[in-house]
Amino acid sequence: MSEGAVVCVVGLGYIGLPTATILATTGSTVIGVDVSERTVEAVNAGRVPFVEPDLETVVAGVVAQGRLRAQVEMPEAEVYIVAVPTPFADDHDVDDSYVRQAAEAIAPRLRGGELIILESTSPPGLTERMADYVLAERADLTGDAGTRHSLYFAHCPERVLPGRIMAEIVENDRIIGGVSTEAAERARDLYATFCRGQLLLTDARTAELAKLAENSYRDVNIAFANELSIICDRLGIDVWELITLANHHPRVNILSPGPGVGGHCIAVDPWFIVAAAPEEARLIRSAREVNDAKPQFVVEKVMARAARFREPVIAALGIAFKADVDDLRESPSRAIVGQLADEMAHARLLVVEPHVEALPAELADRPNVEHRELQAAVAEADIVLVLVDHASFAAMDREALVDKVVIDTKGLWR
Ligand SMILES: NC(=O)c1ccc[n+]([C@@H]2O[C@H](COP(=O)([O-])OP(=O)(O)OC[C@H]3O[C@@H](n4cnc5c(N)ncnc54)[C@H](O)[C@@H]3O)[C@@H](O)[C@H]2O)c1
């Protein structure tokens with residue numbers, strides 16, 4: 001990358017903002033673009049509009065130094081990194097409208113020679129489609145014989161763990177898939193400015209499927225643990241003890257069961273493989289179905305245990321999709337609480353989620369759901385339902401649980 005080059009990061013969320021920030025610390029001038037005025041204002045004030053440890057201090061520093069600024073308008077830049085959402089549509093195929101909007105906003109700003117990297121998780125072929133969206137607006141930049149050599153497109157999927165993003169963004173190995181070899185090499189030069197992990201070059205489609213395969217691997221293995229937990233429940237066996245014992249085998253490492261699988265990666269990405277190869281992706285589809293069925297199993301368990309109370313009070317601990325984050329997307333615990341509130345109009349649900357200031361509207365609007373502090377909720381509850389293994393729950397004084405019915409989907413207090 002040439003000296004003084006401007007890098008534009010499009011989408012300042014969990015992935016885009018840390019990427020923009022880390023690039024700014026290595027000396028690049030970075031402009032972050034987001035369609036959300038609120039996000040733009042927060043970043044320009046040196047604030048982070050979501051919870052991610054260690055990020056805010058660095059954002060505040062690079063903004064104060066003038067190395068990072070945010071805006072709604074798309075600027076001219078030498079490099080664009082697109083990190084916008086890629087949710088799935090009703091048919092489980094990708095909703096690529098955010099990528100398309102980003103591509104169409106970038107297109108008029110191009111002069112030729114730019115590198116455009118898609119970091120959003122993508123089904124095979126989306127990086128090439130993004131190139132098509134750009135070139136549909138800018139036929140003048142198509143390059144010789146359609147080789148696209150006047151623009152460089154690459155896919156560099158992100159595999160950071162929320163809660164550890166600032167460490168992992170530097171340390172993790174990265175897969176860099178170019179639509180052309182030169183695009184991959186240019187992208188590698190950019191990531192080399194801040195990544196200490198290996199930079200592994202391939203083509204764009206392989207990079208796209210590699211990311212999906214990683215999350216499907218996790219999903220299939222969690223499905224195995226969740227299926228075991230249901231089998232154990234049927235057979236009256238403690239699944240946690242079972243897994244601990246089985247994992248003493250030197251080549252076995254069974255993961256932990258839970259209330260389902262959430263977040264917008266593991267619960268979403270395998271569907272992109274199913275959509276791309278519906279006949280072939282049989283195990284991957286089954287794993288999704290097993291994990292998606294687990295919340296219903298938990299709901300039925302709670303309802304069965306609550307049957308002996310006339311007006312049960314249920315403390316539901318956690319609605320984030322995993323421990324110690326504020327991210328509620330695709331959260332199975334959030335869905336469980338909603339369904340319990342619907343099916344048990346005679347019950348009160350005291351939801352404890354210390355990582356959010358308010359419950360999402362679909363829960364807050366229900367008359368039998370309240371957002372409460374941990375101690376007060378547990379003290380009042382007949383049933384304590386653990387849905388997320390937040391550190392603050394693990395640290396709780398267990399004396400408070402005496403005389404309570406405890407349903408612990410995470411094995412937190414065993
Ligand atoms: N969060 C993770 O842990 C994680 C990990 C790996 C990969 N990913 C992938 O990274 C991508 C981004 O995920 P995220 O978690 O950062 O999402 P996010 O929702 O936190 O952030 C996306 C941001 O993009 C903005 N945006 C939407 N459309 C835009 C547009 N046209 N132009 C500019 N900004 C736009 C939104 O306002 C939002 O601020 C997704 O494809 C996701 O699957 C996420």
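Predicted, not measured: the structure shown is a model, and the values here were computed from it. Remember, it's 1-based here, ligands and their atoms both numbered in the order they're listed.
- Counting the atoms of ligand 1 from 1 in the order shown, those under 4.0 Å from a heavy atom of Gln101 are 31 (N).
- Counting the atoms of ligand 1 from 1 in the order shown, those under 4.0 Å from a heavy atom of Tyr98 are 27 (C), 28 (N), 31 (N).
- Considering backbone and side-chain N/O atoms, Arg329 comes within less than 3.5 Å of an N/O atom of ligand 1.
- Checking side-chain atoms of Asp269 against main-chain N and O of Thr121 turns up no donor-acceptor pair under 3.5 Å.
- In this structure, atom 6 (C) of ligand 1 lies nearest to the protein heavy atom Glu158 O, 3.1 Å.
- When Leu118, Ile15, Val33, Val82 are ranked by how near their heavy atoms come to atom 10 (O) of ligand 1, first place goes to Ile15.
- Using modelled atom types and a 3.5 Å distance limit, the side chains of Ser333 and Ser331 yield a donor-acceptor pair.
- In the model, Ser216 has no side-chain atom that pairs as donor or acceptor with a side-chain atom of Asp219 under 3.5 Å.
- Close approach of ligand 1 to Pro162 is summarised as follows: ligand atoms under 4.0 Å from at least one heavy atom of the residue are 3 (O).
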Just list the side-chain donor-acceptor pairs under 3.5 Å for residues 250-267, sequence neighbours left out, or say none.
unit_1, atom_1, unit_2, atom_2, d
His264, ND1, Arg329, NH1, 3.4
His264, NE2, Arg329, NH2, 3.4

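- Using the six-membered ring where Trp is involved, His92 and Trp271 have ring planes that are parallel, under 30° apart on the 30 and 60° scheme.
- Between the Arg109 side chain and the Met74 main chain, a donor and an acceptor come within less than 3.5 Å of each other.
- In the model, Thr409 has no side-chain atom that pairs as donor or acceptor with a side-chain atom of Lys294 under 3.5 Å.
- Of all protein heavy atoms, the one closest to atom 29 (C) of ligand 1 is Val84 CG1, 3.6 Å.
- Scanning all protein heavy atoms for the shortest distance to atom 42 (C) of ligand 1 gives His264 CE1, 3.6 Å.
- In summary, the side chains of His390 and Glu353 do present a donor paired with an acceptor at a separation below 3.5 Å, with no hydrogens or angles considered.
- Applying the 4.0 Å criterion to heavy atoms of Val10 picks out, from ligand 1, the atoms 32 (N), 33 (C).
- Nearest to atom 26 (N) of ligand 1 among the protein's heavy atoms is Val35 CG2, 3.7 Å.
- Looking only at heavy atoms of the protein, atom 21 (O) of ligand 1 is closest to Gly13 CA, 3.1 Å.
- Of all atoms in ligand 1, numbered sequentially from 1 with element shown, those under 4.0 Å from a heavy atom of Cys265 are 4 (C), 5 (C), 6 (C), 44 (C).
- Only the side chain of Lys211 comes within contact range of ligand 1, with a heavy atom under 4.0 Å; no backbone atom does.
- With a 6.0 Å radius and a threshold of 12 heavy atoms from other residues, nucleotides or ligands, Arg38 has its CZ atom at or below the threshold.
- What sits closest to atom 27 (C) of ligand 1 on the protein, heavy atoms only, is Pro85 CD, 3.6 Å.
- The closest heavy-atom contact to atom 37 (O) of ligand 1, among the options Val40, Val325, Asp34, Ile266, comes from Asp34.
- Remark: Glu227 pairs with no residue by the side chain to side chain donor-acceptor pair (under 3.5 Å) rule, at least two apart or across chains.
- Between Tyr14 and Ile165, the closest heavy-atom pair is O-CD1, 3.4 Å.
- Not one N or O of Asp269 is nearer than 3.5 Å to an N or O of ligand 1, by distance alone.
- Scanning the protein for heavy atoms near atom 24 (O) of ligand 1, the closest one is Gly11 CA, 3.4 Å.
- At least one N/O-N/O distance between Thr86 and ligand 1 falls below 3.5 Å.
- The nearest heavy-atom contact from the protein to atom 43 (O) of ligand 1 is Thr121 OG1, 3.3 Å.
- Of the possible polar contacts, none joining the Glu41 side chain to the Thr39 backbone as a donor-acceptor pair under 3.5 Å is found.
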